[in-house]
Amino acid sequence: MIPLSLQIILALLLDLLLGDPRWLPHPVCALGWLAQRLEEPLKSRLPLRQAGIAAVVLVVVASVVCVLAVQTVATRINPLLGDLVSIALLYSCFAMQSLRKHALAVFRPLQRGDLVEARQKVSWLVGRDTDQLDEVEVTRAAVESVAENTVDGVTAPLIFALIAGVPGAFFYKAVNTLDSNFGYKNERYLEFGWAAARFDDLVNFIPARISALLVVPAALLCHLDWRGSWRIFRRDRHNHPSPNGGQIEAAMAGALGIRLGGENSYFGKKSFRPYMGDGTKPLNRSHIQLTIRLMVMTTLLVAVCGLVIRWLL
């Protein structure tokens with residue numbers, strides 16, 4: 001039997017080495033497919049907010065039950081097979097290498113001076129309009145996306161895996177996938193997506209704050225401004241529409257000495273987000289690489305701290 005701690009380490013190593021191969025079927029895609037298929041049938045039978053609650057319950061329960069069933073069947077066939085299946089499932093929950101590749105896909109055309117391609121690549125990371133962004137705004141979009149997705153794509157599923165193994169990680173991924181599909185404040189999803197958005201806020205509350213706090217020592221290890229990270233985290237972490245998204249963005253803005261937030265455009269409509277950070281250093285494309293470095297170091301610290309706590313307990 002391979003202990004859970006070692007399974008998590010191996011899954012993280014697989015993510016670092018392989019990333020998210022496009023040819024490999026991804027379980028999270030199945031969660032998104034199920035969520036979308038439930039939308040119209042539930043809307044036709046229940047009031048919108050109740051339908052949204054039902055969608056959350058059905059997708060979350062289905063994901064956890066399916067994972068437990070797969071683990072149980074594999075373990076009964078052979079205990080080692082059960083462990084290998086668990087490692088593969090955990091690996092599918094982590095997106096550190098995928099996030100790194102998407103961010104570098106923005107950095108490289110900026111390095112070549114190809115702003116058109118950089119705008120296109122950053123549009124894969126953010127929901128804002130990108131076709132008119134200059135280099136500084138493309139960089140800001142990429143940095144903000146990497147910072148926020150450090151929690152959603154890496155540290156939060158890692159924390160849930162440390163607490164409850166594969167079912168815990170898939171519980172989190174189900175909630176996060178529901179928010180990605182339904183958590184929009186528009187006419188279609190304002191009521192139906194209410195439960196998905198609120199539940200995502202709830203399950204991210206502690207992981208977002210743990211991750212943001214660990215950005216401070218991560219900044220120290222990366223030879224960045226750890227004092228600035230702590231100061232800006234304390235001052236600006238609530239300057240964000242999400243109760244959780246601003247936590248790590250503020251900590252990273254302080255570590256990098258940059259200013260995040262400002263004016264964005266969504267479907268042609270301007271929207272202003274309060275600033276985070278002092279902006280003592282002008283934003284430039286190198287900050288994308290530094291944000292990636294902070295993301296990796298923060299993830300390693302979350303893993304080390306979590307594994308040590310598991311060992312002590």
Ignoring hydrogens, what is the shortest heavy-atom contact between [X] and [Y]? Give both atom names and the distance.
{"X": "K101", "Y": "L18", "value": "NZ-O, 4.1 Å"}
{"X": "R285", "Y": "E135", "value": "NH1-OE2, 3.2 Å"}
{"X": "A118", "Y": "L110", "value": "CB-CD2, 3.6 Å"}
{"X": "L256", "Y": "H287", "value": "O-NE2, 3.9 Å"}
{"X": "A105", "Y": "K121", "value": "O-CG, 3.4 Å"}
{"X": "V126", "Y": "A141", "value": "CG1-O, 3.6 Å"}

Minimum side-chain heavy-atom gap [X]-[Y] below 4.5 Å:
{"X": "L260", "Y": "M252", "value": "no"}
{"X": "T75", "Y": "L81", "value": "no"}
{"X": "L294", "Y": "M297", "value": "no"}
{"X": "F160", "Y": "V203", "value": "yes"}

Among F199, F192, W194, find the residue that satisfies the ring pair (Phe, Tyr, Trp, His ring centres under 6.0 Å) test when tested with F182.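 Per the ring pair (Phe, Tyr, Trp, His ring centres under 6.0 Å) rule, the option paired with F182 is F192, out of F199, F192, W194.
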Using modelled atom types and a 3.5 Å cut-off, is there a donor and acceptor pairing between side-chain atoms of [X] and backbone atoms of [Y]?
{"X": "D114", "Y": "E117", "value": "yes"}
{"X": "D225", "Y": "G257", "value": "no"}
{"X": "N149", "Y": "D152", "value": "no"}
{"X": "N78", "Y": "L80", "value": "yes"}

Are [X] and [Y] connected, step by step, through hydrophobic side chains (Ile, Leu, Val, Met, Phe, Trp, Tyr) whose heavy atoms are closer than 4.5 Å?
{"X": "I159", "Y": "F170", "value": "yes"}
{"X": "I248", "Y": "V296", "value": "yes"}
{"X": "I309", "Y": "L6", "value": "no"}

Distance-only criterion, 3.5 Å: show the donor-acceptor pairs between side-chain atoms of residues 52-74 and protein atoms not counting sequence neighbours.
from	atom 1	to	atom 2	distance (Å)
S63	OG	V59	O	3.3
S63	OG	V60	O	2.7
Q71	NE2	S86	OG	2.8
T72	OG1	L68	O	2.7

Are there over 12 heavy-atom neighbours, none belonging to R45, within less than 6.0 Å of that residue's CZ? no
Atom CZ of R310: over 12 foreign heavy atoms under 6.0 Å: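 Yes, because the 6.0 Å sphere around CZ of R310 holds more than 12 heavy atoms from other groups.
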Going by atom types alone, do Q97 and R100 pair a side-chain donor with an acceptor below 3.5 Å?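 R100 and Q97 do have a side-chain donor-acceptor pair below 3.5 Å.
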Start with the C-alpha gap between S286 and N284, add the side-chain angles, then the distance that decides, and say whether side-chain hydrogen bond (donor to acceptor under 3.5 Å, both in side chains) holds. CA-CA 6 Å; S286 68; N284 63 75; 2.3 Å; yes
Is E144 salt-bridged to R128, going by a charged N under 4.0 Å from an acidic O?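 A salt bridge is present here (some side-chain N lies under 4.0 Å from a carboxylate O).
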Go through it in stages, so that I can follow the logic: the residues are R259 and L283, the test is side chain to side chain contact (heavy atoms under 4.5 Å, CB included), and I'd like the CA-CA distance, side-chain angles, deciding distance and then a yes or no. CA-CA 8 Å; R259 189 174 71 175; L283 260 171; over 6 Å; no
Can you list every pair that meets ring-ring contact (aromatic ring centres under 6.0 Å, His included) and has a residue in residues 238-274, with sequence neighbours left out? F272-Y275
Run the side chain to side chain contact (heavy atoms under 4.5 Å, CB included) test on D131 and R119 for me, step by step, so that the C-alpha distance in whole Å, both residues' side-chain angles and the decisive distance to 0.1 Å come before the verdict. CA-CA 6 Å; D131 55 335; R119 288 168 175 165; 5.5 Å; no
Which pairs would a plain distance check flag for residues 204-217, meaning a side-chain donor or acceptor within less than 3.5 Å of a matching protein atom at least two apart in sequence or in another chain?
from	atom 1	to	atom 2	distance (Å)
N204	OD1	Y172	OH	2.8
N204	ND2	Y172	OH	3.4
N204	ND2	D200	O	3.2
N204	ND2	D200	OD1	3.2
N204	ND2	D200	OD2	3.3
R209	NH1	F205	O	2.9
R209	NH1	N244	OD1	2.8
R209	NH2	P243	O	3.0
S211	OG	T155	OG1	2.7
S211	OG	P207	O	2.7

